[in-house]
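Have a look at the structure below, then the notes.
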Amino acid sequence: MARKYTKEELKERLQRSIYKVVAEEGIEGVTVRKVSKGCGLSDPYIYQCYKDLFDLMETSFFEVDGKVAGMIQNLIQKQKAELKTAEDLESMCWTLWSAYWEFLMSDPEQTIFYWRFYQSAHYTKKILEVRQQSFEVFVNYMVETGRMFGVSDLMDPEVIVSNIIDSTVSVAVKMHLGYMDKTALKARTIYKTVFTLLFQLLHIDVWNRGI
C-alpha cells in the first residue's frame with residue numbers, strides 16, 4: 001500500500017523535486033511530469049498543493065528567499081548594538097556574508113534553483129515588491145550605517161543590498177556548476193569583492209589592511 005503523506009510532506013517533496021529539475025535542466029526544462037517523477041508521485045499530487053507549476057516554483061522561490069532574509073535580519077538584530085567602529089562594521093559584514101555564503105554552498109540544487117528562477121521570465125514586478133519588503137531590515141541597516149559613518153546619502157541602499165545578495169549567489173552558482181574552481185577562490189576574496197562598493201563609500205580599505 002502506498003504511503004499517505006500529509007500536505008506539508010507533499011509540499012516538501014515537490015519543492016525538493018523542483019530544485020533538482022531546475023538545477024539539472026533549467027527553468028525551460030520543467031514539466032509537471034518531471035517534477036512528479038522526481039519525487040515518486042503521480043501528476044495530480046501537484047494540484048493538491050499548488051494551483052499549477054508556476055505556483056510551485058514561485059512558492060519555492062519565496063521560501064528560499066525568506067530563509068535568506070530572515071537569517072540576515074536575525075543576525076542584524078543580534079549584533080548591530082555592538083557597532084561603533086569601522087572594525088566593528090567590517091566584522092558585522094563578514095558575519096552576515098559568511099552565514100549567507102554557507103547557506104548557499106550547503107545545498108547546490110536549492111541555490112541553483114534560487115538563481116535560475118530569479119534570472120527567468122517568471123521573476124515579475126510583483127515578486128520584486130515582495131522581496132523588497134523581505135529585505136527592508138537589511139536596507140534600513142545600510143541607511144543607518146551610512147549615517148553613523150558620515151555618509152549623508154548612501155547612494156541607493158537597495159542597489160547595495162541587491163548587489164551583495166545577487167553577486168554572492170552568482171558566484172556560488174558558478175562554483176556549483178563547475179564554472180569556477182572552488183579551491184582557487186577564497187571566501188574572503190569573494191566577500192571583499194562583493195562589499196567593495198559599500199566599503200568604498202564608508203572609506204574602509206579592506207584590501208590593504210589584510211582583513
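Each residue takes its place number in the sequence, starting with 1. Just so we're clear, the structure is a prediction, and the values are computed from it rather than from any experiment.
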Surrounding CD of Glu25 (heavy atoms of other residues, nucleotides or ligands, distance under 6.0 Å), is the total greater than 12? yes
Evaluate the side-chain proximity of [Y] to [X]: yes if any heavy-atom separation is below 4.5 Å, no if none is.
X: Met92; Y: Tyr141; value: yes
X: Gln119; Y: Ile27; value: no
X: Ser17; Y: Arg13; value: no
X: Val21; Y: Thr31; value: no
X: Arg131; Y: Phe61; value: yes
X: Met142; Y: Phe135; value: no

Apply the test side-chain contact (heavy atoms from CB on, under 4.5 Å) to residues Cys93 and Tyr191: give CA-CA distance (whole Å), side-chain angles for both, the deciding distance (0.1 Å), then the verdict. CA-CA 9 Å; Cys93 289; Tyr191 156 71; 3.5 Å; yes
Decide, yes or no, whether a salt bridge links Glu24 with Lys34 under the criterion of side-chain N to carboxylate O below 4.0 Å. no
Run the side-chain contact (heavy atoms from CB on, under 4.5 Å) test on Trp115 and Asp166 for me, step by step, so that the C-alpha distance in whole Å, both residues' side-chain angles and the decisive distance to 0.1 Å come before the verdict. CA-CA 8 Å; Trp115 179 243; Asp166 298 345; 4.3 Å; yes
Under 3.5 Å donor-acceptor, Ser120 side chain and Phe117 backbone: yes
Start with the C-alpha gap between Tyr118 and Val169, add the side-chain angles, then the distance that decides, and say whether side-chain contact (heavy atoms from CB on, under 4.5 Å) holds. CA-CA 11 Å; Tyr118 171 69; Val169 70; over 6 Å; no
Distance from [X] atom [atom1] to [Y] atom [atom2], nearest 0.5 Å?
X: Phe103; Y: Tyr100; atom1: CZ; atom2: OH; answer: 8.5 Å
X: Phe138; Y: Ile76; atom1: CZ; atom2: CD1; answer: 5.5 Å
X: Glu136; Y: Glu158; atom1: CD; atom2: CD; answer: 9.0 Å
X: His176; Y: Met105; atom1: NE2; atom2: CE; answer: 4.5 Å

Examine Arg188 relative to Trp94 and say whether NZ or CZ is less than 6.0 Å from the centre of the six-membered ring and inside a 45° cone about the ring axis. yes
